[in-house]
Amino acid sequence: MMLCGHRGVASLAPENTLAGMRKVRELGLDWVEIDVQLTRDGTPVVIHDQTVNRCTNGRGKVGDHELERLQQLDAGSWFDKAFKGESIPTLGQLLLLCRELAINVNIELKTYHEDEADLLCHRVSQVIDAGPFSTDSLLFSSFNPACLMLMKQLQPDLRRGLLVERIPGNWPQLMAEPGCYSLHCNFRYLTRAQARAVKQAGYPLYCYTPNKPDKVKHFADWGVDMLITDRPQDYLAAGWPPGSPA
Ligand code: G3P
Ligand code: MG
């Protein structure tokens, strides 16, 4: 079972920053998950919330700020003074660093409104085209099926993962249309029967965001393929997966 740092390593560095990517490398992880939205001037930037309020010293919606202004904000001090001066990275900046560090990136396409999908996907696709990035080093994920459909057209060689909270009954159809590679669900709601069905259908099964190794010990037996967690260091310290040598 693989470990993936959530928003970098959100427990050790300010989320979705370049400092977070360096923590991923320090821990020896192969995968990181990040969130992408557009600035007002249409640049894909790496930030989770719809506003900059929680994770920077600024105020207002991400999509209401020009890139230049966004990158002047301090995206590190809210987490710890040691990270003062971290800025919101563009997707391009982050992918270049991850390529250098040999980290595979799960790019979550974040849309807070249905109509954002088209422009977001086109702009993200342009960043990918400017790479080059190897096809197996990137994966798109989204709660928005329109994003997955668009990415199938724009970047057919890159894998796509369907993000859900609870796995719905019609998950096979939801996976089939955008040609998804993997199913990503909230670990809290996953049942053994669902895990069995997903694995029997041949799909990788990824779970977010279990932060306590004890709570998901049984996931190895259930066939879960990846844990997307804020605290990968705790799993590594516990000799994860259970039963493997520490
Ligand atoms: O990709 C898994 C997870 O990041 C989805 O939820 O809100 O943390 O982006 P959220
Ligand atoms: Mg996310």
Side-chain angles (χ1 to χ4, degrees), residues 1-18 20-21 23-24 29-38 44-56 61-63 75 78-79 88-91 94-95 98 103-114 116-117 120-121 124 137-148 151 158-168 171 174-175 178 180-190 194-195 198 203-212 215-216 219 224-232 235:
M1 189 189 308
M2 292 179 285
L3 292 172
C4 172
H6 184 233
R7 309 182 194 173
V9 184
S11 63
L12 297 178
E15 65 184 56
N16 285 319
T17 61
L18 298 185
M21 303 308 115
K23 288 287 177 201
V24 171
L29 305 180
D30 291 331
W31 278 94
V32 71
E33 185 266 359
I34 56 150
D35 306 286
V36 175
Q37 303 177 56
L38 289 184
V45 286
V46 184
I47 183 167
H48 177 275
D49 296 1
Q50 190 175 14
T51 74
V52 299
N53 300 1
R54 182 175 60 88
C55 293
T56 75
K61 287 187 177 171
V62 174
W78 70 274
F79 183 84
I88 298 172
T90 65
L91 177 63
L94 184 138
L95 290 183
C98 286
I103 299 168
N104 303 315
V105 186
N106 169 353
I107 303 170
E108 184 187 339
L109 302 159
K110 271 276 182 239
T111 53
Y112 287 96
H113 299 286
E114 200 62 34
E116 293 165 9
L120 175 65
C121 290
V124 166
S137 69
L138 301 177
L139 179 149
F140 296 116
S141 59
S142 190
F143 287 102
N144 185 341
C147 287
L148 299 171
M151 278 309 183
L158 293 185
R159 291 172 289 176
R160 294 165 295 285
L162 175 68
L163 262 169
V164 293
E165 280 282 340
R166 296 168 194 265
I167 298 178
W171 68 266
L174 295 176
M175 295 282 286
C180 284
Y181 162 81
S182 48
L183 179 57
H184 308 195
C185 68
N186 188 320
F187 83 100
R188 290 173 197 285
Y189 310 118
L190 180 67
Q194 288 171 333
V198 173
Y203 292 114
L205 177 59
Y206 298 175
C207 289
Y208 63 89
T209 315
N211 288 331
K212 294 193 173 141
K215 297 257 183 218
V216 290
F219 276 16
V224 172
D225 296 280
M226 183 184 278
L227 302 179
I228 302 170
T229 174
D230 298 322
R231 301 192 60 85
Y235 291 84

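For ligands, and for the atoms within them, numbers begin at 1 and follow the listed sequence.
- Residue contacts with ligand 1, taken as heavy atom pairs separated by less than 4.0 Å, do not involve His184 at all.
- For atom 5 (C) of ligand 1, the nearest non-hydrogen atom of the protein is Glu108 OE1, 3.4 Å.
- Short contacts between ligand 1 and Leu163, defined as distances under 4.0 Å to a heavy atom of the residue, involve ligand atoms 1 (O), 2 (C).
- Of the listed residues (Val124, Leu163, Leu109), just one forms a side chain to side chain contact (heavy atoms under 4.5 Å, CB included) with Cys147, and that residue is Leu109.
- Atoms of ligand 1 lying under 4.0 Å from any heavy atom of Lys110, numbered from 1 in the order shown and given with element: 7 (O), 9 (O), 10 (P).
- Near His48, meaning under 4.0 Å from any of its heavy atoms, are these atoms of ligand 1: 7 (O), 8 (O), 9 (O), 10 (P).
- Contacts between Thr209 and ligand 1, counted as non-hydrogen atom pairs separated by less than 4.0 Å, are absent for every part of the residue.
- In this structure, Ala75 and Ile88 approach most closely via the heavy-atom pair CB-N, 3.9 Å.
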I would like to know whether Asp35 and Asn16 meet side-chain contact (heavy atoms from CB on, under 4.5 Å); could you show each step before the answer? CA-CA 7 Å; Asp35 306 286; Asn16 285 319; 3.1 Å; yes
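- Contact between Lys110 and Gln37 at its shortest, heavy atoms only, is CB-CG, 3.9 Å.
- Shortest distance from the Mg ion (ligand 2) to Glu33 is reached at OE2 (N/O/S atoms only).
- Taking the Mg ion (ligand 2) as reference, the nearest N/O/S atom within Glu108 carries the name OE1.
- Ring planes of His184 and Tyr206: tilted class, angle from 30 to 60°.
- Proximity of Asn106 to ligand 1, defined as any heavy-atom pair under 4.0 Å, is not found for any part of the residue.
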Where do Arg159 and Phe140 land on the side-chain contact (heavy atoms from CB on, under 4.5 Å) test, with the steps shown first? CA-CA 6 Å; Arg159 291 172 289 176; Phe140 296 116; over 6 Å; no
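- A cation-pi geometry, defined here as NZ or CZ lying under 6.0 Å from the six-membered ring centre and within 45° of its normal, does not hold between Arg160 and Tyr181.
- Exactly one of Thr17, Ile47, Leu91 qualifies for a side chain to side chain contact (heavy atoms under 4.5 Å, CB included) with Ile34. That residue is Leu91.
- When each atom of ligand 1 is checked for a heavy atom of His6 under 4.0 Å away, the hits are 3 (C), 4 (O), 8 (O).
- In terms of modelled atom types and a separation under 3.5 Å, the side chain of Ser141 and the main chain of Leu162 share no donor-acceptor contact.
- Checked by distance only, ligand 1 and Tyr208 stay at 3.5 Å or farther apart across all their nitrogen or oxygen atoms.
- If you check which protein heavy atom lies closest to atom 4 (O) of ligand 1, you get Glu33 OE2, 2.7 Å.
- Shown in contact with Arg7 at under 4.0 Å from a heavy atom are these atoms of ligand 1, numbered in order with element: 7 (O), 8 (O), 10 (P).
- Shortest distance from the Mg ion (ligand 2) to Asp35 is reached at OD1 (N/O/S atoms only).
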